[in-house]
Amino acid sequence: ETGVTQTPRHLVMGMTNKKSLKCEQHLGHNAMYWYKQSAKKPLELMFVYSLEERVENNSVPSRFSPECPNSSHLFLHLHTLQPEDSALYLCASSQYSGRGGEQYFGPGTRLTVT
Amino acid sequence: DAKTTQPTSMDCAEGRAANLPCNHSTISGNEYVYWYRQIHSQGPQYIIHGLKNNETNEMASLIITEDRKSSTLILPHATLRDTAVYYCIVRPLSGSARQLTFGSGTQLTVLP
């Protein structure tokens, strides 16, 4: 595997379910990100893990919970979601050096909440 | 972050050059111009970035005006696979890793 991979690619879940999205990067980067892309809306940054620190968008509801056990893996734990949470969830990684760095994105997980 | 303005959509004939403009009139001296694209239902793909000099790579060329208030992404020979939403983003050299803000972009459609 190369680049950034995400599993599953598609997920349908009920509002009472608990599920997790997984992201893995094979690029040796030290920063990972979760984005949400709803239909016809710009990408919205949800969480950043950089140099083992967590940065988050304060508007993200607590029903989304990220976990970054190491620099190569990132999870997004989901529980009691709402239908409006249906979206494409994208993971990205970069080499964060304090001078930016281009981000490389995975293919995304298409989430449908029923 | 400086705000960017891009046309909502553009068409380009296959084989011709696609020139995608971006205005960033409030850009500050420590901000780069980045371009990404997103093919339908896929993750965004990094294309190119620059500070003030023109840049070229295997995918595209980036032309930044001398005053840095605007830039143009050039795809020299557009193909049908270049149909995508193209995002112009300005981003500081340093600061929080979160500062990569995607706008609405330009929907480029390459026509056969």
Following the transitive rule for hydrophobic clusters with a side-chain heavy-atom cut-off under 4.5 Å over Ile, Leu, Val, Met, Phe, Trp and Tyr, establish whether [X] and [Y] coincide in one cluster.
X: A/F64; Y: A/L11; result: yes
X: B/I74; Y: B/V110; result: no
X: A/L76; Y: A/M13; result: yes
X: A/F75; Y: A/L90; result: no
X: A/L21; Y: A/M15; result: yes

Q: State the CD-CZ distance between A/Q103 and B/F102, to the nearest 0.5 angstrom.
A: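 One finds 6.5 Å between CD of A/Q103 and CZ of B/F102.
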Do [X] and [Y] have side-chain heavy atoms sitting under 4.5 Å apart?
X: B/I48; Y: A/E102; answer: no
X: A/L43; Y: B/Y87; answer: yes
X: A/L88; Y: B/Q38; answer: yes
X: A/F105; Y: B/Y46; answer: no

Q: Provide the closest heavy-atom pair for B/G103 versus A/P42 in the form atom of the first, atom of the second, distance.
A: O-CB, 3.3 Å
Q) Does atom CZ of B/R16 have more than 12 heavy-atom neighbours from other groups under 6.0 Å away? A)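 Not buried by this count: 12 neighbours or fewer within 6.0 Å.
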Q) Hey, which of A/R110, A/Q37, A/E44, A/K41 has the most heavy atom pairs under 4.5 Å with chain B? A)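 Between A/R110, A/Q37, A/E44, A/K41, the count favours A/Q37.
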Q: Give a yes or no on whether the backbone of B/G43 and the side-chain of A/Y35 come within a donor-acceptor separation of less than 3.5 Å.
A: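 No: the side chain of A/Y35 does not pair with the backbone of B/G43.
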